[in-house]
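Residue numbers start from 1 in every chain, and the chains themselves are labelled A, B, ... in the order their sequence lines are given, proteins ahead of strands.
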Number of protein chains: 2
Amino acid sequence: MKLSTKGRYAVTAMLDLALHSGNGPITLAEVSSRQDISLSYLEQLFSKLRKASLVDSVRGPGGGYELKRPSSQISIAEVVLAVNEPISATKCNGKGGCQDGDLCLSHQLWTELSDQIYQFLSGITLEQVIQRRFVQKVAERQNHRFREEDVILFS
Amino acid sequence: MKLSTKGRYAVTAMLDLALHSGNGPITLAEVSSRQDISLSYLEQLFSKLRKASLVDSVRGPGGGYELKRPSSQISIAEVVLAVNEPISATKCNGKGGCQDGDLCLSHQLWTELSDQIYQFLSGITLEQVIQRRFVQKVAERQNHRFREEDVILFS
DNA sequence: ATCAAAGTTGACTAAATTACTCGGGTATGG
DNA sequence: CCATACCCGAGTAATTTAGTCAACTTTGAT
């Protein structure tokens with residue numbers, strides 16, 4: 001599980017797709033101008049997102065991309081994983097005597113840790129991210145205080 | 001909060017320090033050979049770890065590094081943060097009209113997400129990793145969190 | 001005092017990743 | 001047919017990661 005700006009770009013773009021869904025496919029040009037990400041870079045990212053079955057593409061005029069599943073069924077973890085090369089956790093290949101030593105132990109510990117973070121991000125969907133934002137916006141607009149439990153995702 | 005191999009190196013080295021503590025300072029040469037990380041790279045990492053007050057250094061023969069605090073009081077998050085440049089979350093500087101648009105909002109959402117992961121890793125100490133107790137602990141915390149979330153956000 | 005062990009620092013470099021560009025393709029609605 | 005928009009691969013600049021090298025400082029031990 002790798003967390004860098006690359007994953008953020010992907011999540012941002014997917015959020016954009018989710019936010020502007022409902023009127024057919026969305027072109028990468030729109031996403032590009034709205035989110036200020038270069039078109040060609042988006043193409044690379046969406047190539048991976050498509051191969052990961054997270055989006056569907058429609059070619060030709062009027063085409064674009066749309067989420068393959070509802071935003072409530074796409075997790076942040078999936079998006080981040082789709083665009084990242086898997087982090088290599090097997091550095092111990094070279095060193096022969098790495099059976100039960102400290103080396104493999106810490107590697108294993110790290111992968112377990114990494115796995116826990118994956119589990120964590122698997123529990124957060126695009127919808128939850130958007131929803132939280134909606135709640136906050138409405139709360140500000142109506143000057144209304146929601147129960148704390150309503151805004152549980154990111155606080 | 002950035003997660004890459006660099007953070008893993010730092011965590012691994014700190015775990016090594018924790019595991020072999022008790023007999024005075026530990027030289028980076030030992031850590032280097034045990035964990036198969038280049039000495040000079042370790043020096044760079046420990047320079048940052050020292051500035052972050054996570055380790056103490058002892059110069060001269062018989063010197064080396066030791067944890068500044070007990071391993072039960074050093075979190076993974078601290079270690080990772082110490083060696084990572086802060087992830088730049090303010091890409092929207094250039095674009096003027098970025099007050100309440102999608103752009104800044106998704107940036108904000110990402111930083112909050114990143115913050116959540118920080119909170120998550122803050123709850124895991126070196127000691128827990130060594131005792132391998134962190135899996136259960138985290139699992140408990142997550143179950144708790146997800147239960148509440150599921151009840152409130154999903155029906 | 002001298003020596004050797006070790007941290008300290010800075011400059012430098014190679015490799016990898018990230019972010020982006022370019023130049024072509026291909027499918028398709030109008 | 002043609003403009004639109006995805007598709008694809010090569011290339012490239014910027015940044016980060018990982019490591020090297022060389023000089024220096026501190027300090028325990030002889």
What integer distance in Å separates [X]:[atom1] from [N]:[atom2]?
| X | N | atom1 | atom2 | answer |
| --- | --- | --- | --- | --- |
| Lys51(B) | dG10(C) | NZ | C1' | 11 Å |
| Arg8(B) | dT17(D) | CZ | C1' | 13 Å |
| Leu28(A) | dC20(C) | CG | P | 14 Å |
| Phe46(B) | dT9(C) | CZ | C1' | 17 Å |
| Tyr9(B) | dT16(D) | OH | P | 18 Å |
| Glu30(A) | dC6(D) | CD | C1' | 14 Å |
| Tyr41(A) | dT12(D) | OH | P | 19 Å |
| Lys48(A) | dG9(D) | NZ | C1' | 14 Å |

Please tell me which of the listed nucleotides, [options], lies nearest to the side chain of [X]?
| X | options | value |
| --- | --- | --- |
| Glu43(B) | dT17(D), dT9(C), dA19(C) | dT9(C) |
| Ser57(B) | dG7(C), dT18(C), dG19(D) | dG7(C) |
| Ser38(B) | dT17(D), dA4(C), dG19(D) | dG19(D) |
| Lys2(A) | dG7(C), dT18(C), dC6(D) | dT18(C) |
| Asn84(B) | dA19(C), dG7(C), dT17(D) | dT17(D) |

Contact between [X] and [Y] at the side-chain level, heavy atoms closer than 4.5 Å - yes or no?
| X | Y | result |
| --- | --- | --- |
| Leu45(B) | Lys6(B) | yes |
| Arg34(A) | Ile26(A) | yes |
| Leu17(A) | Glu66(A) | no |

* Between Tyr65(B) and Phe46(B), what is the ring plane arrangement, given parallel below 30°, perpendicular above 60°, and tilted in between? ->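 The arrangement is tilted - the two ring planes meet at 30° to 60°.
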May I ask you to say what [X] touches in the nucleic acid, namely base, sugar-phosphate or nothing, with a heavy-atom cut-off under 4.0 Å?
| X | result |
| --- | --- |
| Ser40(B) | base |
| Tyr65(A) | sugar-phosphate |
| Leu39(B) | nothing |

* To do: Show your working on side-chain contact (heavy atoms from CB on, under 4.5 Å) between Leu67(B) and Leu54(B) and close with a plain yes or no.
  => CA-CA 6 Å; Leu67(B) 300 184; Leu54(B) 293 176; over 6 Å; no
* Asked: Is a donor-acceptor pair below 3.5 Å formed from side chain Arg59(B) to base dT25(D), judging by atom type as modelled?
  ->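 Present.
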* To do: Classify the side chain of Gln44(B) and the base of dT8(C) as holding, or not holding, a donor-acceptor pair under 3.5 Å.
  =>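 No pair found.
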* Asked: Thinking salt bridges, do Glu85(B) and Lys48(B) make one under a 4.0 Å N-O criterion?
  ->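 The answer is yes: the pair qualifies as a salt bridge.
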* Under-4.0 Å side-chain N/O to phosphate OP1/OP2 contact, Ser47(B) with dG7(C) ->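 No, outside the criterion.
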* Asked: Taking only side-chain nitrogens and oxygens of Ser4(A), does any of them come within less than 4.0 Å of OP1 or OP2 of dT18(C)?
  ->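 So the side-chain polar atoms of Ser4(A) do come within 4.0 Å of the phosphate oxygens OP1 or OP2 of dT18(C), strictly under.
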* **Which residue lies more 5' along DNA chain C, comparing Arg50(B) with Val83(A) via nearest heavy atoms** =>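 Mapping each residue to its closest nucleotide by heavy atoms, the 5'-most match is Arg50(B).
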